[in-house]
Amino acid sequence: MKPTKLKSESRTPSIIMNHLTEDQLPKAYDASKFENDIYAKWESSGAFKAKVNPKKKPFTVIMPPPNATGTLHLGHAVMLALEDIMVRYHRMKGDETLWLPGTDHAAIATQNRVEKNLAARNITRHDLGREKFLKEVEAFVETSKTTIRNQVRKMGSSCDWSRESYTLDAGPSLAVRTIFKSMFDDGLIYRGNRTVNWCTRCQSTLADDEVDYKEAKGKLYVFKYDKNFPFEIATTRPETKLGDTGVAVHPDDKRFKKYLNKKFDVVFAGGKKLTIEVFPDKSIDPAFGTGAVGITPAHSHVDFEMYERHAGSKAVREIKNVINEQGVVTEFDNKSVKETREEVVMYLELNGLMKEVQDITHNVGSCYRCGTTVEIILSTQWFIDVDKKIPGRNKTLKQLSIDAVKKGGIEILPEKFEKIYAHWMGNLHNWCISRQIWFGHQIPVWYCKDCKGSPIVSIETPSKCSACKSKNITQDPDVLDTWFSAGLWTFSTLGWPKKTKELEYFHPTSVLETGYDILFFWVARMILMTTYALGEVPFKTVYLHGLIRTRSGEKMSKSKPDSCIDPLDMIEKYGADALRLSMVIGGAPGNDTRLYEEKIAGYRNFVNKIWNASRFILLNVSTEDLNKKFSKKDVTSTADKWIMTRLQLLIKDSTKHIEKYNFSEAGTQIYDFLWNEMCNWYIEFSKGEHKNPAVLIHALKTTLKLLHPFVPYVTEAIWSMLGEKKFIMLEAWPQYDAGLIFNAEAKKIEHIYTAITSIRKTKSEYKIDPVKKIDATIYGGALTDLIWEKKEAIMRLGNLSNLEIAKKGEPIPQALKILAGPMEIYLPLQNMFNLEQELERITKEKKQISSELAAINGRLGNQSFVANAPKEVVAQAKEQAAQLTEQLENLSTHEKSLEKAAKM
RNA sequence: GGACGAUUAGCUCAGUUGGUAGAGCAUCUCGUUUACACCGAGAGGGUCAGUGGUUCGAGUCCACUAUCGUCCACCA
């Protein structure tokens, strides 16, 4: 980026560095006047763009693509804030930094949304037909994408828009078909007739982790199929019993031994004839229910697995759906599940077959997209087999995915999620990837209507059947699970399956940052798909952030408008910088954080503080000062040395914390430095005789750079006012400089601060009007020279009318005496002096010091402590004890002299 | 049922190799002195959930208990 480019695009507020007056610099920073302009300048300058640059180290973040369903919420906002911090930091550090934005088509979610919109017009997707419906969806997605893009910009996200991607784009779609074919050829993708989770509203399958289990009250029915059946079974779903093929019991359960492997022909509700074979299975708990379980292989995953285990047994070989895709019980009266259940129960009761009905609570599965109760039905679907060895690799997909994390290729932060990941991955079985909706990547499989041979799996649309050459072929109508394409996201966005330079340079990506709630849905799928496709990890680090909750700890939800915060409202009201800080500071990685408006307002105040610190400096330095290059020689006074020392430590610590992903800690430290050390002390010092423009400017500029990843807008706004031609976002990250560390001076100046604080505190204790100036005398000891140097500041900040300074001297009667490090401070209060009050104050202080001293002496008296503790800890304790002892003696002397004076 | 996390000031939360507790907000007192009232100065407020252990020393490590929460499993 050439700095000269800036001028031609000057659309920012017309703030010119020279001749600044107070009128031109408003007292309060108004974010809304700056943010959009600054973003436009950044973007049009090309500063966000990354290119393959072998001379630099790449730093790559692929943005988790927001769903194409609509608007940005706080979950996106926190993600964008954290990623932008990482990205801006690395860019400043000099890495070639790519942050690639995109959108996810979110198959079911988006289709549902559009269907809902159509319903308002009384149209169903079937009225339109597949082609027209998809056009509706595409139109909707285009609008959503525009909305999302603008919202991502609002947050200040420095992502490379030239590489924006969408899961249904040609590139990612080709990647999807390529992987599908490859996995099919490897035997990892297969078509099978198995039980699946079925949403009767979405009319589609759901993967196991797309089912939410909610606790619900239900009934456990204990009954016999008919009078001839020898014992009772128990179920919560009597209507599914119409599909029973057997009864399983524990092989060692004596009660049922005599019935084992026997067949019973029974007549069940509605005259339904069933053949029930009693067979053994070790998974049955004899203590639960009746110890006998009716097996319904078509409507229970567990029963289906039992079917697979006992595939040789006639009892469980026949499988039939009794519930269809609409949730209608076809093997009864074609009524709903609920109605059928009632009728079956009534039948059992009327015929004396029901032994008892117990109230229980159990978990009921529901669709994570629409909340409808999920039915388990038998269906022919496409699956990924994670337990099959990959040809030529001698490992299963599951093993590959577990090893990627366990063997250290991928680090998950916070670490606790590594265990959770491993556990989940270990339990993964078949991943059902076909969905019976229209929107998404249509499965690249064609069937020949003439020869009915094997399905044709192809990357490109075939024109004829590969077996019989018939042109009478049709594509599988289903689409793929949205997470299938999302799983390819780190590399499908970089051009794969082509061997692009980008892929080689930017992949594996550096960090994947996302909410822990999609660890399984997405992160796990990415690891699985990427290690399979590329033989390398998709990312080196996974950073998981927590959920943003309301003040009372609930999940943010649009149905609760009172506590639900809209990020765009907050940006408008307080600015993006404030919103970013409110989500980043004050929480630990992976922990949920509560957000509420006062918090955001608090960080708005901080942003304003940055503005005003800068404002002070701008109004108190000259153009020449701003143009001058900082040199170490400019650091002259003790206060200068102090602030420089503190600044170096800040650079060191905050950088360390950012490197370790402790953004909250880094942000807090910079916040404290700016507000407390810069503003409350150094700038206050600078108001008098102690102004040093070079150091003020250098400290400000360095702090702004450290702040920039957190609050990009306000720092950029100020940067241009400081006469800088280049963007702050392109400045180099500050480096720790040991040459600017002045430990001795820094320590000395802190004694001066203690002195000022003690004077203020004592005046306050004595209820002296702060406006009223009083006299003071300081016996400075070793600090006497420094006190002379800072006399003006001490007087101004302590609000003194006169200050006498001496190295040491006689106690002053009728005066308050304060101890501040090695200094003795006397405040002669003349007529305000109250002996009793002063003696009381001294007693109180002595008591406090004594107890502190006792604690330290206790430790020092402990031989084990002295022998075992590190010597610097012991030395520190000794020094502290000496200091406290001295203070105590000093106070006692003072006390005695007061008493003596009183007697006279 | 299994696993994990949390419990620190009135509220929201920090506290990263164990060295003797912090921030913001809120509260109280005072104050518009050449950036900022979206401010400044000062104050009060915590036996760090409980019990025990390791240690010279524990908010921090270990064990158990209590309460709350999350995830996984799904007993029909």
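The model shown is predicted, which means the values in this text are computed figures rather than measured ones. Convention: sequence-line order gives letters A, B, ...; per-chain numbering from 1.
Applying the 4.0 Å criterion to OP1 and OP2 of A3(B), one finds that Trp424(A) has every side-chain N and O outside that range. Between Asn680(A) and A41(B), a side-chain N or O to OP1/OP2 separation shorter than 4.0 Å is present.
Separation of the C1' atoms belonging to U12(B) and U27(B) is 16 Å when rounded to the nearest angstrom. Comparing the C1' positions of A23(B) and C30(B) gives an interatomic distance of 23 Å, to the nearest angstrom. Straight-line distance between the P atoms of C39(B) and C25(B): roughly 7 Å, to the nearest whole Å. A14(B) and G46(B): their C1' atoms are spaced 15 Å apart (whole Å). Taking atom P in both A58(B) and G53(B), one finds a spacing of 12 Å when rounded to whole Å. Nucleotides C48(B) and A21(B) place their P atoms 11 Å apart, quoted to the nearest Å. Rounded to whole Å, the P atom of C28(B) lies 36 Å from the corresponding atom of U70(B). For the C1' atom pair drawn from G50(B) and A66(B), the interatomic distance equals 7 Å after rounding to whole Å.
No engagement by Thr668(A) is indicated, since no non-hydrogen atom pair under 4.0 Å with the nucleic acid exists. Among the heavy atoms of the strands lying under 4.0 Å from Asn862(A) are primed sugar atoms or P, OP1, OP2 only; no base atom is included. Among the atoms of the strands shown, base atoms are found under 4.0 Å from some heavy atom of Arg859(A). Contacts of Gly586(A) with the nucleic acid, taken as non-hydrogen atoms under 4.0 Å apart, involve only primed sugar atoms and P, OP1 or OP2. Residue contacts shown for Val302(A) are limited to sugar-phosphate atoms, with no base heavy atom under 4.0 Å away. Across all strands, Ile284(A) comes closer than 4.0 Å to base atoms (heavy-atom distances). At the heavy-atom level, Glu665(A) lies under 4.0 Å from base atoms of the strands shown. The residue Phe520(A) sits close only to the backbone: its heavy atoms come under 4.0 Å of sugar-phosphate atoms, none of a base. Among the protein residues, Thr757(A) comes within range of the sugar-phosphate backbone only, with heavy atoms under 4.0 Å from sugar or phosphate atoms but none that close to a base.
If you check distances only, the side chain of Asn363(A) does reach the base of C74(B) with a donor-acceptor pair under 3.5 Å. Contact of Lys27(A) with A35(B) (side chain to base): no donor-acceptor pair of N or O atoms is detected under 3.5 Å. A donor-acceptor contact under 3.5 angstrom links the side-chain atoms of Lys609(A) to the base of C36(B). Contact annotation: side chain of Arg604(A) to base of C38(B), donor-acceptor pair present below 3.5 Å.
Side-chain proximity of Arg594(A) to the nucleotides C13(B), A14(B), U20(B) is greatest for C13(B). Nearest nucleotide to the side chain of Ala869(A), out of C56(B), A35(B), C72(B): C56(B). Among the nucleotides U16(B), U12(B), A76(B), the one closest to any side-chain atom of Lys660(A) is U16(B). For Lys687(A), taking side-chain heavy atoms from C-beta onward, the closest of the listed nucleotides A35(B), U12(B), C56(B) is A35(B). Proximity note for Lys599(A) (side chain, C-beta onward) versus U12(B), A76(B), C74(B): the nearest is U12(B). Of all nucleotides listed (A43(B), A41(B), C13(B)), A41(B) comes nearest to the side chain of Arg760(A). Checking C38(B), G5(B), A35(B) against every side-chain atom of Asn608(A), the shortest atom distance belongs to C38(B). Of the candidate nucleotides G42(B), G24(B), C11(B), C11(B) has the atom lying nearest to any side-chain atom of Arg551(A). Distances from the side chain of Arg549(A) to the nucleotides C72(B), U70(B), G19(B) place U70(B) closest. Comparing A76(B), C39(B), G24(B) by their nearest atom to the side chain of His362(A) picks out A76(B).
Around the NZ atom of Lys652(A), the shell of radius 6.0 Å holds no more than 12 heavy atoms that belong to other residues, nucleotides or ligands. The neighbour count for Glu879(A) CD, taken as heavy atoms of other residues, nucleotides or ligands under 6.0 Å away, does not exceed 12.
If you measure from atom CZ of Phe256(A) to atom P of A76(B), you get 17 Å, rounded to the nearest angstrom. Rounded to an integer number of Å, the gap from CD1 of Ile548(A) to P of C13(B) is 11 Å. Note: CD1 (Ile585(A)) to C1' (G24(B)) measures 10 Å, nearest angstrom. Protein atom CG of Asn591(A) is 15 Å distant from nucleotide atom P of U12(B), rounded to whole Å. If you measure from atom CD of Gln669(A) to atom P of G15(B), you get 12 Å, rounded to the nearest angstrom. Separating the CG atom of Leu581(A) from the C1' atom of C38(B) is a distance of 14 Å, rounded to the nearest angstrom. Computed from coordinates, the Asn605(A) CG to C25(B) P distance equals 8 Å when rounded to whole Å. In this structure, Glu684(A) places its CD atom 13 Å from C1' of G31(B), rounding to the nearest Å.
In this structure, Ser300(A) OG and Ile376(A) CD1 are separated by 6.0 Å, a value rounded to the nearest 0.5 Å. Note that CG of Asn680(A) and NZ of Lys609(A) are 6.0 Å apart. Values are rounded to the nearest 0.5 Å.
Proximity of Pro26(A) to Trp611(A): side-chain heavy atoms (C-beta onward) are separated by under 4.5 Å at one or more points. Taking 4.5 Å as the limit, every side-chain heavy atom of Leu220(A) sits out of range of all side-chain heavy atoms of Val357(A).
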Enumerate, atom names and distances included, each donor-acceptor pair closer than 3.5 Å involving a side-chain atom of residues 515-522 of chain A, sequence neighbours excluded.
residue	atom	partner	partner atom	Å
Tyr516(A)	OH	Asp592(A)	OD1	2.8
Tyr516(A)	OH	Asp592(A)	OD2	3.1
Trp522(A)	NE1	Ala486(A)	O	2.9

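No close placement of the Tyr671(A) and Phe673(A) rings is indicated, their centers lying 6.0 Å or farther apart.
With hydrogens and angles ignored, the 3.5 Å screen pairs a side-chain donor or acceptor of Arg796(A) with a backbone N or O of Glu684(A).
The residue among Val293(A) and Tyr671(A) whose nearest nucleotide of RNA chain B lies closer to the 5′ end is Tyr671(A). With RNA chain B read from its 5' end, the first of the two nearest nucleotides for Ala588(A) and Lys416(A) is the one closest to Lys416(A).
The two residues Asp30(A) and Ser32(A) have their closest heavy-atom pair at OD1-OG, 2.8 Å.
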task = Step by step, work out the side-chain hydrogen bond (donor to acceptor under 3.5 Å, both in side chains) result for Tyr221(A) and Gln358(A).
result = CA-CA 7 Å; Tyr221(A) 303 92; Gln358(A) 299 167 9; over 6 Å; no

note = Taking Watson-Crick and G-U wobble contacts under 3.5 angstrom, with | marking pairs to another strand and [ ] crossing pairs, the secondary structure of RNA chain B is written (((((((..((((.....[..)))).(((((.......))))).....(((((..]....))))))))))))....

